[in-house]
Amino acid sequence: MDAGLPRALNPLAPSHDTAMHVPAGSVTSHWGATGRGYFCFTTASLALCLVFAVATIMVLVVQKTDSIPNPLGQFPLKGGNCSEDISCILERAPFKKSWAYLQVSKHINKSKLSWNKDGIIHGVRYQDGNLVIQFPGWYFIICQLQFLVKCPEHSVDLKLELLINKDVKKQTLVTVCESGVQTKNIYQNLSQFLLEHLQVNTTISVEVDKFQYVDTNTFPLENVLSVFLYSSSD
């Protein structure tokens, strides 16, 4: 049979030469765009989960109290979608006795993180990177951080720890930048939450391993620590 007959019968089929010669630059560009798109999708999903978690907790509180007081005043804090949504939730929340919502400081120079003092804070005292409890009871503690790692030639361990009175109560660990794999940048989101019964003057703090990778530029408003009183003991 004539060798040209299969090609004549199927004119839409790409030739072997065409299929094998794909510009290298287009592959690199495709994977770069895919990586950035995956990171944005992951960040948006985690932010949505965080908002959903707070909203779910609010439903439990509303069921417990059977009433919601009048909304509080407007807050000066403005941020991205995640920040605005959580601020809106806190503004209408029944747990008005004790809560805080702080963004991480841009000047990070040690493992123990510091936070902007001009955040939303009520019934909790802030001192030297610690939130100090003023009312006893059960507290929800939520922390979310964004990391940007410019990969070296070895793997990097990122760790987020929630501490109560300097004792680690909850932690998250992830390894990025595989050894032997050339990757330019890695974007990584770490989050953790905790429900804990706390006494007056109990301190809450956050520590990270490899603090130099905390990204305060790309998504500065999504590095947050939120604490609120769920059930009071007094």
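FYI, side chains are in, hydrogens and waters are out, and symmetry mates aren't considered; it's all heavy atoms of this structure.
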Next on the checklist: Please tell me whether Phe211 and Leu163 are part of a single hydrophobic cluster in this structure, the criterion being side-chain heavy atoms less than 4.5 Å apart.
Outcome noted: no
Item to check | Chi angles and distances behind the side-chain contact (heavy atoms from CB on, under 4.5 Å) call for Leu162, Val206 | outcome: CA-CA 5 Å; Leu162 291 179; Val206 177; 3.8 Å; yes
Item to check | Linked, directly or transitively: Leu195 and Tyr101 (ILVMFWY side chains, under 4.5 Å) | outcome: yes
Checklist entry - Hey, what's the ring geometry for His122 with Trp99, parallel, tilted or perpendicular (30° and 60° as the breaks)? => result tilted
Item to check | Contacts of Ser111 that satisfy side-chain hydrogen bond (donor to acceptor under 3.5 Å, both in side chains) - sequence neighbours left out | outcome: none
Next on the checklist: Restricting to salt bridge (charged side-chain N to carboxylate O under 4.0 Å, His left out), what partner residues turn up for Glu207, sequence neighbours left out?
Outcome noted: none
Checklist entry - Can you tell me how far the NZ atom of Lys169 sits from the CD atom of Glu161, to the nearest 0.5 Å? => result 13.0 Å
Checklist entry - Any side-chain heavy atom of Arg125 sitting closer than 4.5 Å to one from Asn130? => result no
Checklist outcome for this item: Separation between OG (Ser226) and OH (Tyr139), nearest 0.5 Å, reads 12.5 Å
Item to check | Short side-chain to backbone donor-acceptor contact, Asn189 and Gln146, under 3.5 Å | outcome: no
Item to check | Stepwise side-chain contact (heavy atoms from CB on, under 4.5 Å) check, Val208 with Leu158 | outcome: CA-CA 7 Å; Val208 294; Leu158 302 176; over 6 Å; no
Checklist entry - Shortest non-hydrogen contact from His107 to Ser114? => result O-OG, 4.1 Å
Checklist entry - Nearest heavy-atom pair of Ser98 and Phe135: which atoms, and what distance? => result CB-CD1, 4.0 Å
Checklist entry - Is the ring centre of Phe147 less than 6.0 Å from the ring centre of Tyr213? => result no
Item to check | Distance under 6.0 Å and angle within 45° of ring axis: Lys170 vs Phe193 | outcome: yes
Checklist outcome for this item: Smallest heavy-atom separation, Leu198 atom then Ile204 atom, equals CD1-CD1, 3.7 Å
Checklist entry - Roughly how far, to the nearest 0.5 Å, is CD of Gln127 from OG1 of Thr203? => result 9.5 Å
Checklist entry - Considering all heavy atoms of both residues, which atom of Cys143 and which atom of Leu160 are nearest to each other, and what is their separation? => result SG-CD1, 4.0 Å
Checklist entry - Yes or no on side-chain contact (heavy atoms from CB on, under 4.5 Å) for Leu173 and Asp209, after CA distance, side-chain angles and deciding distance? => result CA-CA 9 Å; Leu173 175 67; Asp209 192 15; over 6 Å; no
Next on the checklist: Nearest 0.5 angstrom please: Asn223 CG to Leu113 CG, how far?
Outcome noted: 8.5 Å
Next on the checklist: If we ignore hydrogens and angles and just use 3.5 Å, is the side chain of Tyr126 paired with the main-chain N or O of Trp115 as donor and acceptor?
Outcome noted: yes
Checklist entry - Between the side chain of Asn185 and the main-chain N/O of Leu148, is any donor-acceptor distance below 3.5 Å? => result no
